[in-house]
Amino acid sequence: MQSVLRGIPASPGIVVGPVHLLRWEVPEVSHRLIADEAIDAELVRLHVAFERARDRLRQLRARAEQHVGPEEAAIFDVQVSILDDGELTRSTEALIRQNLGAEKAFDLVLLEWRQRFARHSAPMLREKVGDLMDVHIRVLSLLLDLPDHDPVDVPPGANAILVTHDLTPSLTLQLDRNCISAIATEAGTATAHVAILARSLGLPAVVGLRNALSFLVPGQIAILDGNEGTLLIAPSDHELEDARLRVEQEAGRVDEMREIAHSDAITADGVRMVIRANVDIPDEAEMGATSGADGVGLMRTEFLVVGRATMPDEEEQYKAYKKVIQAFGARPVIIRTFDVGGDKLPVGGFPTEANPFLGWRAIRMCLDERELFKVQLRALLRAGVHGDLRIMLPLVVTVDEVRETRSLIDEAVVELAERRIPFRADVPLGVMVETPAAAIACDTLVRDVDFFSIGSNDLVQYTLAVDRGNANLAPRFTPFHPAVLRLIAQVQVTGAAHGIDVCVCGEMGSQPLAVFALMGLGIRQLSVAPRAVGEVKRVIRSVRMAAAQDAAQAALAAGTAREAETLLRRRLRTELDAAAQSGGLPALS
């Protein structure tokens, strides 16, 4: 039976392929009693399942290390260590000896462990709950002889559409583009990290497809449209043919975008823009360096922390930063200090908070954990000798945070000098403007910072009081609200008045309509996913800056986000159509 599931467009592109269902959840386990003479056999079953799970985790670690590097793959070491814990084995064996089946014995022990760890006073143990759940699912699946649903098992060349409720860090590390061509999740929004990851990998994606798993059958053919946010189940022959034609057109468009990406970002009336790339992990550096970008506008450093069993030392961080800086040669590389907390949990040191997005995170955590922060600052100063490094601080709301950071940088300089290690002391320091407080009071920062970078995802979230990860609120999460546009304009005006560069590095910078609005608001620097460089330059080269400025002024005066977006869309369409008719770039579809 044909049906269309509608979600939220997360990453553009169209894919026709079989669905691969990933139900990564703890299975139901019946209460099974065993006879005394069956106890030994159940103990053997338990140990065999543990060993099979260890083997599987080692395979996944090796594969993840090959695809994303040893630091990220270390998350599987944590799960192996859980299986190696003697208390886990002894507790489960004790229940089996009380005539409980191995699967139920293990289920009860892991349930108790997860509850105990979730309530533990030690943050490092609380943060292992996700790893405990992965181990819980993996071992029970083996004991119950259930299919192994790891996405790594999708056959190479399957062109599969991965459908799951959400992607955990361990599952995300297993994604293989040779097997999976698109992602669909029941949870998430366009600014959720699964969406950002999909855009980074160039995988079409739709998120917020509520209850999608209940509608799908493994292996059935579907059409995922990441442009429209739909998943078409059991398409007709005509729809399949139409989709395949659109896939071919998309492929041609990719080639076109690649060519445009290496051209200058100059508007039709001669105004130059600067387009830099976002980099999530060092292994993306080469792709970013060859994407046509003018450097790195945002290198996230959370990959060094999230899911790790230990904190990264100075040498490991230095090598990671150096790799990216050297890949971009003389082009600027802006590296953001740890933005952990909220939806990005670190190894340890975080209390349980009712609202972590408003809690102890980002620059707040770094300034409280001074030694941890100085390790990162020393690594950054050392890496600075290899190119044009610039340091950026996340979630700054007061100039005191900048001044305190500068004091720590001074301490790091002294420590490196004493060790006689090469470093660069004059690294420019900038801040991310992500809250209404920072935007409104950005004039209080101008004497202490070298540049501003607007993080549009959080700025929208905090300005509109809309959780960016809540699928129920997705229609209310919009960068076109007049309040958001006015805050961006205020930061740009303040920056221009004091000779301070202003860049936008959130997802807003990758959306054609938002790019048009930002240009009109005076923004001249954007940082986008490497794969979006061509699309962004296409918009820039197709429009006149004068038209963008007129449209932005009208949007600023609009009463609602819908009015502003409609107005901007109409004026952008006029510009693109005019460019196409004049023999320039073809209009956007």
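Residues Val333 and Arg390 are not in side-chain contact: their nearest non-hydrogen atoms beyond the backbone lie 4.5 Å or more apart. You'll find the side chain of Thr267 stays beyond 4.5 Å of the side chain of Arg544, heavy atoms only. Side-chain contact between Phe516 and Leu521 is absent, with no heavy atoms from C-beta onward closer than 4.5 Å. Using a 4.5 Å cut-off on side-chain heavy atoms (C-beta onward), Arg524 and Gln492 make no contact. Arg382 has its side chain out of reach of Leu377: every pair of non-hydrogen atoms, C-beta onward, lies at least 4.5 Å apart. In this structure the side chain of Arg276 never reaches within 4.5 angstrom of the side chain of Leu526, judged on heavy atoms. For the pair Phe480/Leu513, a side-chain contact is recorded, criterion being any heavy-atom separation below 4.5 Å from C-beta on.
Annotation for Glu411: atom CD counts as buried by contact number, over 12 foreign heavy atoms lying within 6.0 Å. Environment of NZ in Lys374: crowded, with over 12 heavy atoms of neighbouring residues, nucleotides or ligands closer than 6.0 Å.
Of the possible polar contacts, none joining the Arg541 side chain to the Val536 backbone as a donor-acceptor pair under 3.5 Å is found. Under the 3.5 Å distance criterion, the side-chain polar atoms of Glu434 are left unmatched by any main-chain donor or acceptor of Asp458. His262 places a side-chain N or O within 3.5 Å of a backbone atom of Thr290 that can act as its donor or acceptor partner. Checked by atom type and distance alone, the side chain of Asp450 never pairs as donor or acceptor with a backbone atom of Gly430 at under 3.5 Å. When atom types are taken as modelled, the side chain of Thr337 and the backbone of Leu393 share no donor-acceptor pair closer than 3.5 angstrom. Within the 3.5 Å criterion, the main-chain N or O of Gly13 finds a donor-acceptor partner in the side chain of Asn227. Checking side-chain atoms of Glu401 against main-chain N and O of Thr398 turns up a donor-acceptor pair under 3.5 Å. Using a distance-only test at 3.5 Å, with no hydrogens or angles considered, a donor-acceptor pair links the side chain of Ser11 to the main chain of Leu203. Looking at Lys537, its side chain never comes within 3.5 Å of a backbone N or O of Ile275 through a donor-acceptor pair. Thr435 places a side-chain N or O within 3.5 Å of a backbone atom of Ala438 that can act as its donor or acceptor partner.
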Might you work through the salt bridge (charged side-chain N to carboxylate O under 4.0 Å, His left out) test for Asp448 and Arg406, ending with a clear yes or no? CA-CA 9 Å; Asp448 294 84; Arg406 286 199 179 276; 5.3 Å; no

Apply salt bridge (charged side-chain N to carboxylate O under 4.0 Å, His left out) to the pair Arg569 and Glu565, showing each step before the final yes or no. CA-CA 6 Å; Arg569 192 175 301 280; Glu565 184 173 356; 2.8 Å; yes

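Here the two rings, on Phe452 and His498, have centers that are 6.0 Å apart or farther.
Applying the side chain to side chain contact (heavy atoms under 4.5 Å, CB included) test to Gln553 and every residue at least two apart in sequence or in another chain returns Leu556.
Residues Tyr318 and Glu314 have side chains that never bring a donor and an acceptor to within less than 3.5 angstrom of each other. Residues Thr185 and Asp166 bring no donor and acceptor atom of their side chains to less than 3.5 Å of each other. A donor-acceptor contact closer than 3.5 angstrom links the side chains of Gln376 and Thr301.
Between Pro482 and Ala558, the shortest heavy-atom contact is CG-O, 3.3 Å.
For the pairing with Leu459, the side chain to side chain contact (heavy atoms under 4.5 Å, CB included) check across Ile454, Val504, Val491 returns one residue only, Ile454. With Asp339 as the partner, the salt bridge (Lys or Arg N to Asp or Glu O under 4.0 Å) test is satisfied by one option alone out of Arg361, Arg364, Arg300: Arg361.
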